[in-house]
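A short write-up of the structure that comes next.
Here is how names work: the chains are called A, B, and so on, in the same order as the sequence lines, proteins then strands, and each is numbered from 1.
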2 protein chains.
Amino acid sequence: MSAMAAQTQPKQSEAKLLVVEDDANILELLSASLRFAGFDVSTATSGSAAVSAAKNATPDLVVLDVMLPDLDGFEVIRLMREGGQRTPVVFLTARDGTEDKIRGLTLGGDDYVTKPFSLEELTARIRAVLRRTTAGEEEPSRLVFADLELDEETHEVYRAGQRVQLSPTEFKLLRYLMLNANRVLSKAQILDHVWKYDFRGDDNIVESYISYLRRKVDNVQPRLIHTLRGVGYVLRKPAV
Amino acid sequence: MSAMAAQTQPKQSEAKLLVVEDDANILELLSASLRFAGFDVSTATSGSAAVSAAKNATPDLVVLDVMLPDLDGFEVIRLMREGGQRTPVVFLTARDGTEDKIRGLTLGGDDYVTKPFSLEELTARIRAVLRRTTAGEEEPSRLVFADLELDEETHEVYRAGQRVQLSPTEFKLLRYLMLNANRVLSKAQILDHVWKYDFRGDDNIVESYISYLRRKVDNVQPRLIHTLRGVGYVLRKPAV
DNA sequence: GTACTTTCTCAGTCAACTTTCAGGAAGCGT
DNA sequence: ACGCTTCCTGAAAGTTGACTGAGAAAGTAC
């Protein structure tokens with residue numbers, strides 16, 4: 001595992017998350033990176049522990065694996081809500097039968113992510129759910145850097161006012177770069193955040209996608225995507 | 001504003017609802033989604049609780065299951081009205097004999113929905129009842145987006161002035177898209193809102209109906225229904 | 001009942017997207 | 001300048017997701 005980038009979300013970064021996951025590796029991956037992303041993370045490794053943790057810690061959002069050793073995720077939520085808590089949830093589900101049990105979930109503003117996922121995918125969902133369930137202050141879903149604009153909700157991207165069509169991976173990569181503008185990102189970091197955690201290919205795929213992105217969104221002056229040979233990539237304004 | 005947020009109808013969204021339902025799952029489904037739709041929701045799980053809740057909370061509308069453990073829905077209404085309250089009601093009924101008993105009641109401006117229902121079905125009825133019982137400000141029952149028009153009362157649909165015939169599901173789907181114009185809707189969201197809550201099929205049916213709709217209402221320029229691969233669908237005017 | 005409409009499923013096709021590979025270009029140290 | 005390394009990028013192969021026609025099943029009207 002490579003160094004983890006700081007992708008601090010200034011606005012929502014103080015949010016309290018409760019992460020519930022029985023697989024130690026995934027739990028570690030999640031708590032480390034979500035903490036690094038600026039969330040206040042507590043954890044639980046079983047359903048019953050989750051219920052009491054939720055009572056005490058009153059998290060703003062729960063990241064909840066559906067498959068748990070004792071109670072399943074749905075039970076956990078039912079128990080939490082019986083206690084009057086209306087905490088939003090992002091479920092983690094395997095891509096199998098359990099997926100359809102998720103039905104009805106998007107009604108209350110919750111969401112789900114299927115395993116394996118990429119960290120960017122998960123944090124994007126978490127941020128979206130927080131955005132829509134946090135009363136009041138509408139946080140903009142639009143990232144802007146120089147003359148680059150990216151709308152997280154509609155998936156629209158503009159460079160110098162021109163609409164650009166991106167594939168899902170291109171979009172995720174660009175979002176990651178924009179969230180970390182002016183920060184140098186190694187290929188390993190990019191791989192760790194933008195690609196699913198079970199990806200077993202090599203760095204070259206990052207080069208390929210950087211190349212695609214440059215062609216689509218960085219084909220005008222000033223160039224914003226820069227290569228630091230032997231180090232990584234960075235999105236920044238030239239000059240200085 | 002988020003992907004799913006707000007199928008909120010600004011005008012009616014502050015309305016106070018009292019939801020009366022003894023099945024915990026359905027109650028949770030209803031309160032979560034109606035709250036999310038912007039209503040101010042309180043709940044009761046028995047007929048007697050409903051009567052006193054109605055006294056105290058003075059809701060603008062009651063969503064009332066006919067089958068209740070103690071008093072049945074008709075009794076509840078009778079008691080409420082004996083107390084002088086003339087609150088409109090949307091009944092929830094099983095598809096069985098009780099259906100006929102409802103008929104007489106709907107004359108007063110009330111309405112009913114048979115279980116299982118889809119959320120869009122229910123919110124459409126709630127909105128319609130509020131529209132016709134809320135004195136004064138006539139809210140239009142006509143949705144318009146670009147050259148698409150949909151009349152919620154007559155169920156007529158026009159594209160570019162041309163009348164189009166839609167099946168019930170096609171109509172509901174189009175209404176949902178129009179209510180959420182410019183908002184990206186995932187297949188899961190669409191399934192959750194447009195299909196009945198007991199539907200156990202998969203996403204493909206959404207694709208099928210999108211395909212039907214395109215053939216009927218989106219066969220002219222400019223195309224309004226757009227696919228975001230891996231994300232969902234959106235009704236919007238083409239990019240700038 | 002029969003005919004008709006509508007809903008839902010399935011599977012084939014196609015298009016878009018992802019991933020790999022390999023040759024060439026560009027940067028870097030000496 | 002030379003050689004070494006790293007990066008870029010075109011092309012091909014592999015994979016996935018969406019669209020759609022056909023038809024079974026369920027529901028409705030006559």
| said: From CZ of A/R200 over to C1' of C/dT20, roughly how many Å is that when rounded to an integer? | reply: 16 Å
| field | 5' precedence on DNA chain D between B/T227 and A/I210 (nearest-nucleotide basis) | value | A/I210
| message | Just the rounded figure in Å: distance from C1' of D/dC8 to CG of A/N219. | response | 16 Å
| request: Would you mind reading off the distance between A/E121 atom CD and C/dT18 atom P, rounded to a whole angstrom? | output: 12 Å
| field | Close side-chain approach of A/F199 and A/I205, heavy atoms under 4.5 Å | value | yes
| said: Nearest whole Å is fine: how far is D/dT20 C1' from B/L213 CG? | reply: 14 Å
| task | Report yes or no: do B/S31 and A/R81 form a side-chain donor-acceptor pair below 3.5 Å? | result | no
| request: Return no unless some side-chain N or O of B/R215 is found under 4.0 Å from OP1 or OP2 of D/dT20. | output: no
| task | Please evaluate the base of C/dC8 for a donor-acceptor partner in the side chain of B/Y212 within a cut-off of under 3.5 Å? | result | yes
| task | State whether A/Y197 and A/K115 meet the cation-pi test: NZ (Lys) or CZ (Arg) under 6.0 Å from the six-membered ring centroid, and within 45° of the perpendicular axis. | result | no
| request: Specify whether B/F171 and B/H155 have parallel, tilted or perpendicular ring planes, treating 30° as the upper limit for parallel and 60° as the lower limit for perpendicular. | output: parallel
| In whole angstrom, what separates A/R214's CZ from D/dT9's P? | 7 Å
| field | Touch class at under 4.0 angstrom, heavy-atom based, for B/Y209 against every strand present | value | base
| field | Separation of D/dT6 P from A/Y233 OH (nearest whole Å) | value | 13 Å
| Do you see a donor-acceptor pair shorter than 3.5 Å between the side chains of A/Q189 and A/D192? | no
| query | How would you label the contact of B/F171 with the nucleic acid (heavy atoms, under 4.0 Å): base, sugar-phosphate, or nothing? | reply | nothing
| said: Nearest whole Å is fine: how far is D/dA18 P from B/I225 CD1? | reply: 15 Å
| task | Look at the side-chain N and O atoms of B/K187 and state whether any lies under 4.0 Å from the OP1 or OP2 oxygen of D/dA18. | result | yes
| note | Rounded to whole Å, CD1 of A/I205 lies from P of D/dT6 at a distance of 20 Å
| said: Tell me whether the side-chain N/O atoms of B/S208 come closer than 4.0 Å to OP1 or OP2 in C/dT7. | reply: no
| remark: By nearest-nucleotide position on DNA chain C, the 5'-leaning member of B/E207 and B/S167 is B/S167
| task | Indicate, yes or no, whether a donor-acceptor pair under 3.5 Å links the base of D/dT6 to the side chain of A/N204. | result | no
| query | Between A/T169 and C/dT18, is there a side-chain N or O to OP1/OP2 distance below 4.0 Å? | reply | yes
| message | Are the side chains of B/V19 and B/F39 in contact, using a 4.5 Å heavy-atom criterion? | response | no
| Under 4.0 Å: is that the gap between some side-chain N or O of A/W195 and OP1 or OP2 of C/dT19? | yes
| field | 5' priority, DNA chain C, between A/R229 and A/L166 [closest heavy atom] | value | A/L166
| task | Pick base, sugar-phosphate or nothing for B/K196, based on heavy-atom distances below 4.0 Å to the nucleic acid. | result | nothing
| request: Counting heavy atoms from C-beta on, name the nucleotide in D/dG17, C/dT6, D/dC19 closest to the side chain of B/P168. | output: C/dT6
